[in-house]
Amino acid sequence: MTHFLRLDRATVTPEVDRPDPSLVIAGDPVHTTWLHEERGTLYAGMWQTTPGTWKVDYSEWEYVHILSGTSILTEEGGAAHTLNAGDSFLIRPGFKGTWECVETTLKDFVILE
């Protein structure tokens, strides 16, 4: 096993799904995930969504780097954060709010449950 892993969508079969309909506020967002690593409670890969808005509720840590597109992440009772290509951020457990995809968004992610 090598200790280096390049995240490349061409090397992984994607999983395609949608958020639970009860969470969707607007649109018909489609999520595509390229999971490159799964070790215990750690997950890493790439994720893409098409436009729409849905409720989110994080019980895990997630590091994100936006590769393309525009989304707005709004914390319940808090600020709205516009996310564009080049932005990196950390979501802490307990974050609740909405994810609005304005323009198809692609991100790298690392999740630790």
Side-chain angles (χ1 to χ4, degrees):
M1 175 179 88
T2 179
H3 289 89
F4 177 86
L5 178 63
R6 185 177 302 275
L7 302 185
D8 179 354
R9 290 185 288 173
T11 64
V12 177
T13 301
E15 298 174 22
V16 178
D17 65 354
R18 288 177 161 81
D20 183 305
S22 68
L23 302 176
V24 175
I25 297 168
D28 181 24
V30 176
H31 300 166
T32 306
T33 303
W34 294 266
L35 188 59
H36 289 82
E37 185 82 336
E38 181 176 357
R39 297 214 178 244
T41 62
L42 181 127
Y43 306 88
M46 302 173 85
W47 177 85
Q48 180 175 280
T49 186
T50 61
T53 306
W54 60 97
K55 297 175 190 172
V56 293
D57 184 354
Y58 286 79
S59 60
E60 66 278 352
W61 293 88
E62 182 174 8
Y63 168 79
V64 175
H65 178 78
I66 302 293
L67 299 169
S68 63
T70 301
S71 284
I72 301 169
L73 191 57
T74 304
E75 190 164 7
E76 193 174 81
H81 305 278
T82 300
L83 312 170
N84 294 298
D87 290 342
S88 297
F89 57 95
L90 182 68
I91 299 173
R92 295 181 178 112
F95 181 99
K96 293 180 182 183
T98 59
W99 185 295
E100 176 186 357
C101 176
V102 178
E103 175 185 271
T104 297
T105 300
L106 176 65
K107 70 179 186 180
D108 285 336
F109 69 86
V110 178
I111 293 172
L112 181 62
E113 292 184 332

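The residues of the chain are indexed from 1 along the displayed sequence.
Taking OG of S59 as the start and NZ of K96 as the end, the distance is 10.5 Å to the nearest 0.5 Å. The NE2 atom of H65 sits 14.5 Å away from the CZ atom of F109 when rounded to the nearest 0.5 Å.
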### Query
Run the side chain to side chain contact (heavy atoms under 4.5 Å, CB included) check on T11 and W34 step by step: do they pass?
CA-CA 9 Å; T11 64; W34 294 266; over 6 Å; no

### Task
Apply side chain to side chain contact (heavy atoms under 4.5 Å, CB included) to the pair I91 and L73, showing each step before the final yes or no.
CA-CA 10 Å; I91 299 173; L73 191 57; 3.8 Å; yes

### Task
Please lay out, stage by stage, how M46 and L67 fare under the test side chain to side chain contact (heavy atoms under 4.5 Å, CB included).
CA-CA 9 Å; M46 302 173 85; L67 299 169; 3.4 Å; yes

#### Entry: Intermediate values then yes/no, side chain to side chain contact (heavy atoms under 4.5 Å, CB included), V110 and L42
CA-CA 7 Å; V110 178; L42 181 127; 4.2 Å; yes

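Between C101 and the options T49, I72, T53, L83, a side chain to side chain contact (heavy atoms under 4.5 Å, CB included) holds for only T49.
Between the side chain of T33 and the backbone N or O of L35, no donor-acceptor pair lies under 3.5 Å. Using modelled atom types, one side-chain atom of T50 and one backbone atom of V30 make a donor-acceptor pair closer than 3.5 Å. A donor-acceptor pair under 3.5 Å is formed between the side chain of T105 and the backbone N or O of T70. Formation of a donor-acceptor pair under 3.5 Å by the H36 side chain with backbone atoms of D8 is found in this model. The backbone N or O of R39 sits nowhere less than 3.5 Å from a side-chain atom of T41 that would complete a donor-acceptor pair.
Aromatic ring orientation, W99 versus W54: parallel (interplanar angle below 30°, classes split at 30° and 60°). Note on ring orientation: taking the six-membered ring where Trp is involved, the planes of Y58 and F95 are perpendicular (angle over 60°, cut-offs 30° and 60°).
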